[in-house]
Participant: 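My questions will all concern the structure given below.
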Amino acid sequence: MSTAPAPLPGDSPGDVVVDWYASAARDLPWRQPGVDAWAVLVSEVMLQQTPVARVEPAWRAWLARWPSPADLAAAPTGEVIRAWGKLGYPRRAMRLQAAAAAIATDHGNVVPSDVATLESLPGIGTYTARAVACFGYGQRQPVVDTNVRRVVARLVHGRAEALPARATDLADVEALAPADHDRAVRFSVAVMELGALVCVARTPRCGSCPVRTVCAWRLAGSPAHDGPPRRVQRFAGTDRQVRGRLLDVLRGTTEPVEAAQLDAVWSDPVQRSRCLDSLLSDGLVVQTDDDRFALPS
DNA sequence: AAATCGTGGCT
DNA sequence: TAGCCAAGATT
């Protein structure tokens with residue numbers, strides 16, 4: 001073994017990231033003291049694939065209207081879909097309402113604090129469950145999202161890009177977390193924030209990175225990504241675009257609409273009807289007795 | 001387990 | 001401009 005000095009306990013990369021967070025973190029509303037686990041849960045679901053800037057106003061309005069799970073559970077689903085607005089992936093809104101109903105009826109209207117129980121709720125997967133347990137309940141939990149996987153890929157593994165999600169991700173992050181409980185809890189938000197603000201995907205700002213001197217990727221000379229390029233999803237012309245247009249029509253009215261009004265949003269009748277069918281089967285749209293279409297009641 | 005599910009800002 | 005990218009979950 002070499003005689004290189006062991007890093008001081010308080011100066012581990014995890015500690016450095018926690019200290020960096022104290023001065024660099026964004027002032028996001030769901031991070032305010034007093035924000036309860038329900039509000040955290042709502043923020044996490046909204047933030048699944050939707051940028052922070054678009055979530056903020058929707059989150060405030062949502063919680064003003066439905067301050068507890070039971071409130072959301074009691075709302076007409078159509079109103080829930082309308083309130084979701086253009087956050088995207090509207091099935092998340094339905095799943096959030098379904099999760100709220102389960103919380104209200106099975107958990108006394110209290111968001112579960114146990115990761116396994118959280119994961120059993122609709123729309124809550126491994127990331128969101130841990131995020132709620134950690135951010136909402138102050139538990140020491142590894143929280144691994146796309147930001148964290150990218151930071152770990154670079155800092156620990158010396159790779160330019162994140163590997164696809166793996167079972168070892170949680171262990172990688174746990175290994176970085178400070179020993180102290182409270183600092184470990186803050187570390188979970190802090191690594192995410194580092195990935196969101198500094199260790200970003202396209203043009204990492206290594207010059208202002210608090211752990212640049214110990215980053216395996218930098219130390220290796222910032223090698224380019226070698227694995228297979230991950231292909232980004234096309235959007236124009238896809239069913240996703242068509243579904244979005246169809247739903248946008250229904251969001252804009254309270255009165256059910258004739259099929260002809262929906263025909264206007266997409267010229268290909270085959271794709272259009274396929275998409276309408278999929279919205280119906282998702283429960284995002286319903287057909288009335290007189291064969292018009294509307295958001296569910 | 002790869003494909004699918006919205007939307008809009010940024011480069 | 002057209003692709004890249006954003007706190008994933010589900011099947």
Side-chain angles (χ1 to χ4, degrees), chain A residues 21 25-26 28-31 35 39-59 81 84-96 98-99 118-136 141-152 160-162 164-167 169 173 188-197 199-205 225 228-251 265-266 271 274-275 277-279 281-285:
Chain A
Y21 181 81
R26 290 168 293 180
L28 301 176
W30 43 85
R31 290 177 180 166
V35 170
V40 170
L41 172 53
V42 171
S43 78
E44 291 303 336
V45 173
M46 288 184 169
L47 286 163
Q48 292 168 358
Q49 303 286 280
T50 301
V52 166
R54 260 185 288 159
V55 165
E56 279 208 40
W59 180 83
I81 295 167
W84 193 257
K86 308 202 92 173
L87 292 179
Y89 295 141
R91 292 187 298 188
R92 286 183 292 164
M94 296 200 68
R95 290 176 183 148
L96 181 55
L118 284 162
E119 277 191 79
S120 73
L121 297 171
I124 304 204
T126 151
Y127 162 76
T128 306
R130 289 189 152 74
V132 170
C134 182
F135 309 152
Q141 292 286 171
V143 179
V144 179
D145 73 333
T146 178
N147 290 306
V148 175
R149 289 211 317 283
R150 187 173 54 247
V151 171
V152 169
E161 291 182 21
R166 298 175 304 165
D169 290 339
V173 177
S188 288
V189 227
V191 230
M192 281 180 58
E193 192 75 341
L194 186 67
L197 298 182
C199 195
V200 296
R202 200 150 14 165
T203 315
R205 309 184 227 292
H225 177 62
R230 73 147 180 153
R231 58 169 180 266
V232 303
Q233 298 179 11
R234 178 178 68 262
F235 177 66
T238 63
D239 287 4
R240 266 170 26 258
Q241 181 177 29
V242 179
R243 284 167 54 103
R245 287 197 185 178
L246 291 170
L247 203 58
D248 197 40
V249 171
L250 299 177
R251 257 190 247 116
V265 305
W266 200 256
Q271 186 177 22
R274 177 175 70 236
C275 289
D277 284 345
S278 75
L279 288 169
S281 85
D282 283 346
L284 285 162
V285 174

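Per chain, numbering begins at 1; letters A, B, ... match sequence-line order.
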Participant: Just to be sure I understand the rule, does I124(A) reach a base, reach only the sugar-phosphate, or reach nothing, if contact means heavy atoms closer than 4.0 Å?
Facilitator: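 Counting heavy atoms under 4.0 Å across all strands, the contact made by I124(A) is with sugar-phosphate only.
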
Participant: Taking the side chain of R243(A) as its heavy atoms from C-beta onward, which of dG6(B), dA7(C), dC4(C) lies nearest to it?
Facilitator: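 Of all the options, the side chain of R243(A) is nearest to dG6(B).
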
Participant: Rounded to whole angstroms, how far apart are CZ on R234(A) and P on dA3(B)?
Facilitator: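 Nearest whole value for this atom pair: 12 Å.
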
Participant: On a whole-Å scale, what distance lies between the C1' atoms belonging to dA7(C) and dA2(B)?
Facilitator: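 Those two atoms are separated by 23 Å.
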
Participant: For L87(A) and dA7(C), give me the distance from atom CG to atom P, rounded to whole Å.
Facilitator: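 Going from L87(A) (CG) to dA7(C) (P), I get 15 Å.
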
Participant: Which is true for R251(A) with a 4.0 Å heavy-atom rule: it touches a base, it touches only sugar-phosphate, or it touches nothing?
Facilitator: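 It contacts sugar-phosphate atoms only.
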
Participant: Report yes if a donor N or O on one partner sits less than 3.5 Å from an acceptor N or O on the other, where the partners are the side chain of T50(A) and the base of dG6(B); otherwise report no.
Facilitator: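 Between dG6(B) and T50(A), which were checked side chain against base, a qualifying N/O pair under 3.5 Å is present.
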
Participant: Between T238(A) and R202(A), which is nearer to the 5' end of DNA chain B once each is assigned its nearest nucleotide?
Facilitator: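 Its nucleotide being nearer the 5' end, the pick is T238(A).
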
Participant: I want to check something: taking the side chain as every heavy atom from C-beta on, are V173(A) and V152(A) in contact at a cut-off of under 4.5 Å?
Facilitator: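 Yes, side chains in contact.
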
Participant: Touch check for T146(A), heavy atoms < 4.0 angstrom, all strands: base, sugar-phosphate only, or nothing?
Facilitator: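 Answer is sugar-phosphate: T146(A) comes under 4.0 Å of backbone atoms only.
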
Participant: Classify A131(A) by what it touches in the nucleic acid, base, sugar-phosphate, or nothing, heavy-atom distance under 4.0 Å.
Facilitator: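 Nothing, no heavy atom under 4.0 Å.
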
Participant: Name the residue closer to the 5' end of DNA chain C, choosing between L121(A) and A201(A) according to the nucleotide with the nearest heavy atom.
Facilitator: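 Per heavy-atom nearest nucleotide, the more 5' residue is A201(A).
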
Participant: Which part of the nucleic acid, if any, lies within reach of S43(A) when heavy atoms closer than 4.0 Å are counted: base, sugar-phosphate only, or nothing?
Facilitator: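 Counting heavy atoms under 4.0 Å across all strands, no contact is made by S43(A).
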
Participant: Return yes if a side-chain donor-acceptor contact under 3.5 Å exists between Q49(A) and R92(A), otherwise no.
Facilitator: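 There is no such pair (donor and acceptor under 3.5 Å, judged by atom type) between the side chains of Q49(A) and R92(A).
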
Participant: From the list dG6(B), dA7(C), dC5(C), which nucleotide is the closest neighbour of the side chain of R230(A)?
Facilitator: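 The answer is dC5(C), which lies nearest to the side chain.
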
Participant: Could you check whether Y127(A) and Q48(A), counting side-chain N and O atoms only, form a donor-acceptor pair closer than 3.5 Å?
Facilitator: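 Result is no, nothing qualifies.
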
Participant: Answer yes or no: is there a side-chain heavy-atom contact under 4.5 Å between V285(A) and L246(A)?
Facilitator: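 They are not in side-chain contact.
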
Participant: CZ of R92(A) versus P of dA6(C): gap in Å, rounded?
Facilitator: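 So the two atoms are 15 Å apart, to the nearest Å.
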
Participant: Between dA6(C) atom P and Y89(A) atom OH, what is the distance in whole Å?
Facilitator: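 In whole Å, dA6(C) P and Y89(A) OH are 13 Å from each other.
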
Participant: Please tell me which of V189(A) and R95(A) maps to the more 5' nucleotide of DNA chain C, matching each residue to the nucleotide holding its nearest heavy atom.
Facilitator: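 Of the two residues, V189(A) wins.
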
Participant: Can you measure F235(A) atom CZ to dC10(B) atom C1' for me and round it to whole angstrom units?
Facilitator: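 The answer, rounded to whole Å, is 17 Å.
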
Participant: Is there a donor-acceptor pair under 3.5 Å between the side chain of R245(A) and the backbone N or O of W266(A)?
Facilitator: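 No, the answer is negative, given that no donor and acceptor are paired below the 3.5 Å cut-off.
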
Participant: I'd like to know if R54(A) reaches the base of dT7(B) with its side chain, counting only an N/O donor and acceptor under 3.5 Å.
Facilitator: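 When only heavy-atom distances are counted, R54(A) does reach the base of dT7(B) through a donor-acceptor pair under 3.5 Å.
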
Participant: Pick the P atom in dG8(B) and in dA9(C), then give their distance to the nearest Å.
Facilitator: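 Per the computed distance, 23 Å lies between those P atoms.
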
Participant: Figure out the CH2/C1' separation between W84(A) and dC5(B), and round it to whole Å.
Facilitator: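 Taking atom C1' of dC5(B) as the reference, CH2 of W84(A) is at 13 Å.
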
Participant: Using a 4.0 Å heavy-atom cut-off, does R231(A) contact any base of the nucleic acid, only the sugar-phosphate backbone, or nothing at all?
Facilitator: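 It contacts sugar-phosphate atoms only.
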
Participant: Please determine whether a side-chain nitrogen of the Lys or Arg among R31(A) and E193(A) lies less than 4.0 Å from a carboxylate oxygen of the Asp or Glu.
Facilitator: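 Answer for the salt bridge query: yes.
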
Participant: T128(A) near the nucleic acid: base, sugar-phosphate alone, or nothing, with a heavy-atom cut-off under 4.0 Å?
Facilitator: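 Since only primed, P, OP1 and OP2 atoms lie under 4.0 Å of T128(A), the category is sugar-phosphate.
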
Participant: Compare the minimum distances between each of dG3(C), dT7(B), dA7(C) and the side chain of K86(A), then state the nucleotide with the smallest one.
Facilitator: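 The listed nucleotide nearest to K86(A)'s side chain is dT7(B).
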
Participant: Any N or O donor-acceptor pair linking the side chain of Q49(A) to the base of dC5(B) at under 3.5 Å?
Facilitator: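 No pair found.
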
Participant: Base, sugar-phosphate, or nothing for L284(A), non-hydrogen atoms under 4.0 angstrom?
Facilitator: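 No contact.
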
Participant: Ignoring hydrogens, what is the shortest heavy-atom contact between R150(A) and C199(A)? Give both atom names and the distance.
Facilitator: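 Where R150(A) meets C199(A) most closely, the heavy atoms are NE-O, 2.7 Å.
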
Participant: Roughly, in whole Å, what's the span from CG in L47(A) to P in dT7(B)?
Facilitator: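 Distance check: L47(A) CG to dT7(B) P gives 17 Å.
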
Participant: So, is T203(A) close to the dT11(B) phosphate, meaning a side-chain N or O under 4.0 Å from OP1 or OP2?
Facilitator: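 Negative; the distance criterion is not met.
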
Participant: Using a cut-off of 4.0 Å on non-hydrogen atoms, how would the nucleic acid contact of D282(A) be classed: base, sugar-phosphate, or nothing?
Facilitator: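 No contact.
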
Participant: Regarding Q241(A), tell me which of base, sugar-phosphate or nothing describes its non-hydrogen contacts under 4.0 Å with the strands shown.
Facilitator: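 Answer is nothing: Q241(A) stays at 4.0 Å or more from every strand.
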
Participant: Specify the separation, in whole Å, of atom CD of Q271(A) and atom P of dC5(B).
Facilitator: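 Q271(A) atom CD is separated from dC5(B) atom P by 10 Å.
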
Participant: Which part of the nucleic acid, if any, lies within reach of R31(A) when heavy atoms closer than 4.0 Å are counted: base, sugar-phosphate only, or nothing?
Facilitator: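 Base, at least one base atom sits under 4.0 Å.
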
Participant: Tell me what G125(A) touches on the nucleic acid: a base, only sugar-phosphate, or nothing, going by heavy atoms under 4.0 Å.
Facilitator: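 Counting heavy atoms under 4.0 Å across all strands, the contact made by G125(A) is with sugar-phosphate only.
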
